[in-house]
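Lettering of chains follows the sequences in order, A, B, ..., and the numbering in each one begins at 1. Just so it is clear, the structure is predicted and the values come from calculations on it, not from any experiment.
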Amino acid sequence: MKYAYFPGCSLSSTGIEYDLSTRETARVLGIDLWEIPEWNCCGASSGHLTDHLLSLALPARNMAIAEEAGLDVAIPCAACYARSKNTELAVCNSAEMRQEIEEVIERKYEGKAKARALLDIIANDIQAEVIKEKVHKELKGIKAACYYGCLLVRPLAVGFDDPEDPQSMDNLVKSLGGETVDWAYKTECCGASCPTTVPETGKKMLERIFESAKNAGANCLVTACPMCLNNLDMRQGQVEKTYSKKYDMPVFYFTELTGLAFGVEPTKLGLNKHFVDAMGLVNEVLKADGRRETA
Amino acid sequence: MKRVGVFICHCGTNIGGVVDCPKVAEIAKDYPGVVYSVDNKYMCSEPGQELIKKAIKEQNLDRVVVASCSPRMHEPTFRRCVENAGMNAYFMEMANIREHCSWVHASEKDKATEKACDLVKMAVAKAIMNKPLQKATIPVTDRALVIGGGIAGIQAALDLANAGHVVDIVEKEPSIGGKMAQIDKTFPTLDCSACILTPKMVDASSHPNINLITYSEVEKVEGFVGNFDVTIRKKARSVDMSVCTGCGVCMSKCPSKVDSEFEMLLSKRKAIYTPFPQAIPNKPVIDRDNCTYFKTGKCGICQKVCTLGAIDYTQEDEFVVTRYGAIVISTGFEQFDHSVYGEYGYGKYPDVITGMHFERLINASGPTMGKIKRPSDGKVPKNVVFIKCVGSRDVAKGKSYCSKTCCMYTAKHATLVTEKIEDSNVYIFYMDVRTGGKGYEEFYNRTREKYDAQYIRGRVSKVFKQGDKLIVRGEDTLLSQAVEIEADMVVLATAMVPQADASKLAQKIGIGYDKDHFFTEAHPKLAPVETHTQGVYLAGACQGPKDIPESVAQASAAAAKACGLLSKSEMLTEPIISVVNESICVGCGLCVPICPYKAIDLKTISERDHGKTIERLVADVNGGLCQGCGACTVACRSGALDLKHFTDQQILAEVNALCL
Amino acid sequence: MLVVLKAKLKDILNTLAEEYKVLVPAKIEDTSKFISYKDNVDIILDENVKLSPKDVFFPQTEKMYKMKTVKTSMELENITDEAGKKLLFGVRSCDMKSLDCFDQVFLTKGYIDEFYKNKRDSVVTIALSCSQPMQTCFCSAMGVDSQKAVGADVQAYDLGDKIGLEAISDEGSKVIELIKGQLTEEGAEVPQPGEFYLKVDADGVSEKLNGMFESPIWDDVSKKCLNCGACTYVCPTCHCFDISQEVRGENVTKYRCWDSCMFGEYTQMAGGHNPRPTKKERVRNRFMHKLNYFPDRYNMLLCTGCGRCINVCPVNLDITSVIKQIKEAE
Amino acid sequence: MVDLTLEIRKTAKELLEKGEAKVVLGWEKGNFPYSTTPVFIDKPEDTERLIWDEYCINNLALYMLDYKHLDGKVGIFVKGCDSRGINRLVQDKQLDREKVILIGLSCPGMKDEKKAKELGPNADIPMAQKCQDCRYPDPVVYDVFLGEKQNKKVPEKIDTSDVEEMETKSPDEKYRFFTTNYEKCLRCYACRNVCPACNCKECIFDQTATGWLAKANNVSNNMFFALTRAMHVGGRCIECGECERVCSVNIPIMLLNKKIIKDINFLFGDYDAGLETEERLPLGGYDYTDPEEFM
Amino acid sequence: MSVNEVQQNKEVEQNWEPKILVFACTWCTYAGADLTGLSRLQYPPNIRILKVPCSGRVNPQFVIKAFQKGVDGVLVAGCHPGDCHYTSGNYFTRRRFLLMRRLMEYIGMEPQRFQNRWISAAEAPKFQQVITEMTEEIRTLGPNRKLRDDQW
């Protein structure tokens, strides 16, 4: 199983632990990730605010390179995945758009290379048994509130799971031996840029997420989007101060959990880089004798 | 040359506003054959028709061309008009210069006038070629078929039976009653639904002229008005109806329990069951999918306990073919499958239910004996939230139309909640409140004032569980702020859609249906209960969302129409049928497989052929069966087969009239 | 006799083209007929054209006059042929003889067909003798001299690589005058035609047919005929026509068009009666008309032996065999 | 060309003498070496006139229309195309199969009579166009068979290379090709009268009163005649090529018929007319799964 | 008379308007056209609707005759397969006109000039759209000379 790998800007900077854990997880699962040479930024939210053709052409160049290599593209970050998928659909659905894009990127792109969310690959393509088999250290003690965010599973054409009630991350965490909780804010927006631009509204949105996760009995949040992790992890302290609440809920990338379960060194996964201390829970999990007899 | 009279209608300003009618009348004077051409404000009005009759006499016209609205609307009117003046009805030809001209070319007046002239020219050319036709008579079988045994079907059957006609009601479910049997109270009078329905059901079952054919479906419909040969599949009940007295022993003894569809899966029924206590016929039927005997071959308790030996596992589906003169379709509606609205959490949260579930909860003979209890934990809910327009008025995910009845039954539900549960709070999310019937507005106001139901104008964006509460998040557009309500129970007022197999039934019978699969009436205003297929009538929600008063009114209307048809032993048929010119026909039989009504077959004729009498095959059209589609005329290479009123010559004349 | 090299023929035609609209026998779209002369035209001199020149004088569709209905009255408008003299070059004796037959029908016996007459008078003909008759030719048997055409304005002789010209009528001498410059005077005598493949002896046929209306041979003869109109439409002497009209709103054009006795509809009467209902009557009528009725009326056969009907008949029904059968019948 | 003439004469003589057949249809020599002509023998001694050579190209099936009311049987020699002509008449109910005794002959392919006229008798004369395209040299139906069958490997499908080549042309080129051809059409109706599929009692072109086609000869009316006849024989044409052979002005009529046959094969499934008499005709029925192009 | 461009351009300047004949089946397309009128959906005034009981009644010969008489485009429209009031009329229409369209294109008629569409009684917007599109297509093609009998 070989994929072209598109890390995207976040995974080379603020979301570095997402990149580290992705590579580790792929190594263990035997997924060969071929990083797209000189990939360019997918344009994320600013791209399609400025110009529609620009927002399609940017990811198209990366997809074109992957297509020349005959590979589908594995994309961890939700925003990059959404942009790339839109480009792929635009090219497949209209010949004129494809021609326009090909003129801009001066390459051929017929839409044969498919944009695939990393979560979709690991949770849906790879059988649960294969994952269980690879689990070295069951995640006893993890009660995760799986947070998909508003971009990963919507709209229907782009998403790979039920837009209202997605289950793929939940199933993955369960096959890693962890527990998940049923809570209402799975797909509610984390505020994206609001916490920085309109802080009171942004913090209110985050507070509601933490509140709902807390009520549901979760002791940590799991996400697949660097923007969401930023907001949930970095701003948890400010929200606690503003609303004088105590959450201290670590926020993981799902690839960190898979790495952890596969027995990879926590620091190799970047688990020590979180704002809300994650190592406490991690050590608890490692201590709990969930160790499996086998290696 | 035929003397043609041309009459251009202004239709008030509908045509006159765009088409220069006097000019068209003037130009028409020069068309070959036209001897009299005049325009008038309203041709279809009394003075307009008088004008035509006078002109026919004074100018001794052979043909009349009326340029006005669509023939689908006033062709019968003008045919009768010319007939009264002594001219053959089929000498009248119409040019549609309203729907096809003035209304659609409003901004291009002169082009529209030019087009009107062309259309009149075509009509004149065709009229000249028209031959006198007489309506033929075909026998009418004095028996009616009602498809669907809900309130509409029952009402139609009763009216037909009281008028002395024999009626068969075919009902898919084991008992008649339809959706109304599930309902508790009816708005706006709040009288109990069963109390007004069951007497009619009893009347229907005991009426000498009505036969109930329940647990059966229409398999095939052949023939035509007055002579519909309908094949009905009587599904195997596994109970011999003639022997069974409905004592109910078998039902009590039957071990296997199944979710009851009638109770909206809120409670159980047995594998051998009657859908509800007041079922008519009150004799059980075995649900073969869930009966252990049919699944594994063991059990058979019901047969053992039945003292009269009425249980018969070997029963097979039975096909009955009967001839009917008229068909009334009243197959009713179903609730819209709103699982597309994941955001309401239906199916995930048991306390999010639909209006019909609520009807069963408040129904005295329902699963909770009338006590409103939450399906999840059986507690009596305090805060009940109603969400209207679920699936209706939503082009993106649901249906584009308004389902008409939800506003009223949601108001009714709100009233009943406040009545039955003290200090309960009722919230209703709505876009608009539509109270278009007698006493409806007053009922709605009473719900708001006396029963202080909270009407919140806004849509609900999400329903999610928090603890054992259901948080309903929406917006209140009047206060323009977000709203969150902790509810104990949420009731969705889902849209009304036709039965899932409506389009299949329509294709079997040969009637039209619209994009939402509601059956298409002949004309929304002028013929709401008729269909384009003569002898087939519509009643109730199968034709569009409707409440009970309208369904009953439509049912009686449909019955009246059917009575009009069945009252005569013969009826006049459209003379527009195919006819064979035997001198040209060579008997090749290419036309025979074309006819969908099997109206053509080959017959042997004998004739003199140069001194010898010879016998040869020629095609023969059965005038009664032929419906005049004309597909056979194209298959006939030598033009021996022609369709009256749309003959090759007539159509060629119309085409030639266009030539430059 | 005045002579010109065949190679030089084009110059002759060019000079004539200044005076007349010249029509020449040529190959076109893998059939051959008389078409207006242009220099890229593929002229045929060694055999007769497949479609006879009769449509120059008696076109397949000939507009007669136009009518326009105005209110209740009607205006008539005559149609005149486009002006200008025509010159028909290379007409064979058999086709010239057919013109002779046409003249009898259209110009004699007290009735002049204006349409035909205008066309006939406006055409000057240069007949051409046949050096080698085609396989299906039998004009001599029909009393036609293949070397000397009847009624031609100029008689041309095929002298191998040269063509000899001899003015017959004064119209013809005018033509010769025009091209005199390009002609040289040479002593040459009229060549004798080659040997005919088809041998048939037609004399006495007309008289014999008088009593043969009910003869059984017509059954045999007509059995294989398909009753199509091919023979009548390529035959230079067939002149049956029908009159019809084309209606366009209030404008009507009356026209004359070829018809064929072979078609059933030709004799279809109002009320459905048809005096010639089956192909037996029609085939008999075709031969009787050519070999009996026409000679009775105009004492000349209505067949000039051009052989086109034999050439084109789908079932090879051969008039010469029919003549033989008539002669042998008792 | 194996000489069956003697066998033919013997068979015909037996049929007539035993009274099995009232008349025998065959070919006899015409006035020219290249012309044979149909002959109707009803006396045993006349069977000497029957011959079998490489010019017996006429399709004799059509003559059965004249024997519809003959009380007694008719013997008829049938090549491959003639036998399909018989099936055509039987399927169109114009011929009662019992009324005809079919004597089958395997056909080696007949010579082109028109070429023979041009090239003279001693040149080697090519095979007629209709025989070059022939796919059924052996009769598909017969009662008696003379000589041996060729069992030639029948080309699977009708050769429509000329049709495909025409289809590649531009609209104006195609129109110019067909109008120049049909401009010279004399409307002599030979193609109609020779066609076994044109077995109407009275053709619409013989009913000018109805107004389908005026008698005037111009390219527009000639095209109406050509297209209408092509549609009328659509799905029933047995590809015998007689229409093209008998056309007095050599119009390539089969180009139209073959186009319709190609389309029928493509649209409604392969169908060869005249192979049997029971199957439903392509235009005599429909299928729910017919290609949908009118949505 | 093969296509002569000169006459075609001459006619275009004389503000030629495309003339399109529409064969509409009474039960569906004619009713659809009525509904287009009822809903006041505007479309170009170049079509002339000829009512036939069923699209199955339309003989391909009418189409050729229309082109002979100088029409620039022909549309044959009927009910969607399965909706035919006579159950199977339009199935035959589909078979006949699948062949006819290809034959007309084969002899050189531009495909846009002869179209077939299924338009039901409820599809007023589709009727408007089909007519508008077809009129534009034919306007760009110019007047039709092919098959036209303009000898008179």
Side-chain angles (χ1 to χ4, degrees), chain D residues 163 166-167 169-183 204 211-214 216-232 234-235 255-264 266-268 281-295, chain E residues 1-5 55-56 59-65 67-70 75-82 84 88-113 115-119 126 130 141 144-152:
Chain D
V163 169
M166 175 63 72
E167 279 168 344
K169 293 197 174 131
S170 78
D172 285 353
E173 270 170 332
K174 288 187 271 190
Y175 187 70
R176 194 161 297 127
F177 174 83
F178 282 106
T179 41
T180 11
N181 264 303
Y182 276 99
E183 206 166 8
I204 51 168
W212 277 118
L213 180 62
N217 181 314
N218 59 43
V219 72
S220 167
N221 286 340
N222 299 355
M223 285 297 283
F224 182 94
F225 163 65
L227 293 174
T228 303
R229 209 180 79 78
M231 281 301 282
H232 279 186
L255 267 182
L256 287 180
N257 296 340
K258 280 205 272 187
K259 163 67 178 169
I260 291 190
I261 292 171
K262 169 176 174 286
D263 286 344
I264 285 181
F266 166 71
L267 291 167
F268 313 127
L281 293 168
L283 286 180
Y286 59 85
D287 207 295
Y288 292 116
T289 58
D290 280 348
E292 183 50 75
E293 287 174 8
F294 302 159
M295 262 314 166
Chain E
M1 275 101 42
S2 60
V3 177
N4 43 35
E5 279 63 24
S55 55
N59 195 330
Q61 287 149 222
F62 293 142
V63 174
I64 311 171
K65 184 55 73 179
F67 281 121
Q68 276 192 296
K69 295 291 173 176
L75 169 70
V76 177
C79 305
H80 289 255
C84 175
S88 63
N90 47 12
Y91 286 112
F92 289 107
T93 317
R94 181 160 64 179
R95 280 221 159 177
R96 289 167 187 157
F97 283 101
L98 278 174
L99 282 181
M100 189 63 187
R101 268 155 49 90
R102 285 170 167 72
L103 186 64
M104 291 293 268
E105 195 172 347
Y106 182 66
I107 58 119
M109 178 67 75
E110 293 84 0
Q112 298 84 350
R113 286 201 191 278
Q115 302 192 16
N116 307 80
R117 299 300 293 271
W118 304 132
I119 302 171
K126 179 174 181 182
V130 165
L141 281 177
N144 174 43
R145 323 280 341 138
K146 294 180 172 157
L147 297 181
R148 187 162 167 179
D149 182 3
D150 46 17
Q151 178 198 9
W152 312 100

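Looking only at distances, a side-chain donor or acceptor of D:S220 sits under 3.5 Å from a matching main-chain atom of E:L147. For the pair E:Y91 (side chain) and D:D290 (backbone), a donor-acceptor distance under 3.5 Å is absent. Remark: side-chain polar atoms of E:R96 are not paired, donor with acceptor, to backbone N or O of D:L283 under 3.5 angstrom.
Of the two parts of D:I204, only the side chain, counted from C-beta on, holds a non-hydrogen atom closer than 4.5 Å to a non-hydrogen atom of chain E. In this structure, chain E has heavy atoms under 4.5 Å from both the backbone and the side chain of D:F224. No part of D:A226 comes within reach of chain E, as not one of its non-hydrogen atoms sits under 4.5 angstrom from that chain. If you measure heavy-atom distances from D:F266 to chain E, the contacts under 4.5 Å come from the side chain alone. Residue contact with chain D, scored on non-hydrogen atoms closer than 4.5 Å, involves the backbone and the side chain of E:F62 alike.
The candidate with the highest count of non-hydrogen atom pairs below 4.5 Å against chain E, out of D:G285, D:A214, D:G235, is D:G285. Between chain D and the residues E:R95, E:R117, E:H80, the largest count of heavy-atom pairs under 4.5 Å involves E:R95. When each of E:M100, E:E110, E:M104, E:Q115 is scored by its heavy-atom pairs under 4.5 Å with chain D, the top score falls to E:M100.
With sequence neighbours left out, the salt bridge (charged side-chain N to carboxylate O under 4.0 Å, His left out) criterion links D:K262 to D:E167. With sequence neighbours left out, the salt bridge (charged side-chain N to carboxylate O under 4.0 Å, His left out) criterion links E:K65 to no other residue.
E:I64 is not listed as a side-chain neighbour of D:F225, based on a closest heavy-atom distance of 4.5 Å or more. Looking at D:P171 and E:E105, their side chains never come closer than 4.5 Å, going by heavy atoms from C-beta outward. Here the side chains of E:Q151 and D:N221 are not in contact, with every heavy-atom distance at 4.5 Å or above. Using a 4.5 Å cut-off on side-chain heavy atoms (C-beta onward), E:I107 and D:K259 make no contact. Annotation: side chain of D:L267 is in contact with side chain of E:R102 (closest heavy-atom distance under 4.5 Å). Between E:L99 and D:F268 there is a side-chain heavy-atom pair separated by less than 4.5 Å. Annotation: side chain of D:D263 is not in contact with side chain of E:L98 (no heavy-atom distance under 4.5 Å).
Judged by distance alone, the side chains of D:E293 and E:N116 never bring a donor and an acceptor atom under 3.5 Å apart. Between the side chains of D:H232 and E:Q61, a donor-acceptor pair is found at a separation under 3.5 Å.
With values rounded to the nearest 0.5 angstrom, D:K169 atom NZ is found 8.5 Å from E:Y106 atom OH. A distance of 6.0 Å separates CG of D:L256 from CG of E:L103, quoted to the nearest 0.5 Å.
Aromatic rings from E:F97 and D:F294 are positioned such that their centres are separated by 6.0 Å or more.
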Does D:N218 form a side chain to side chain contact (heavy atoms under 4.5 Å, CB included) with E:W152? I'd like the steps, not just the answer. CA-CA 10 Å; D:N218 59 43; E:W152 312 100; 4.1 Å; yes
Given the rule in the side chain to side chain contact (heavy atoms under 4.5 Å, CB included) test, do E:R145 and D:Y175 qualify, once you have shown the distances and angles that lead to the verdict? CA-CA 11 Å; E:R145 323 280 341 138; D:Y175 187 70; over 6 Å; no
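By the 6.0 Å and 45° rule, E:R94 does not stack over the aromatic ring of D:Y286.
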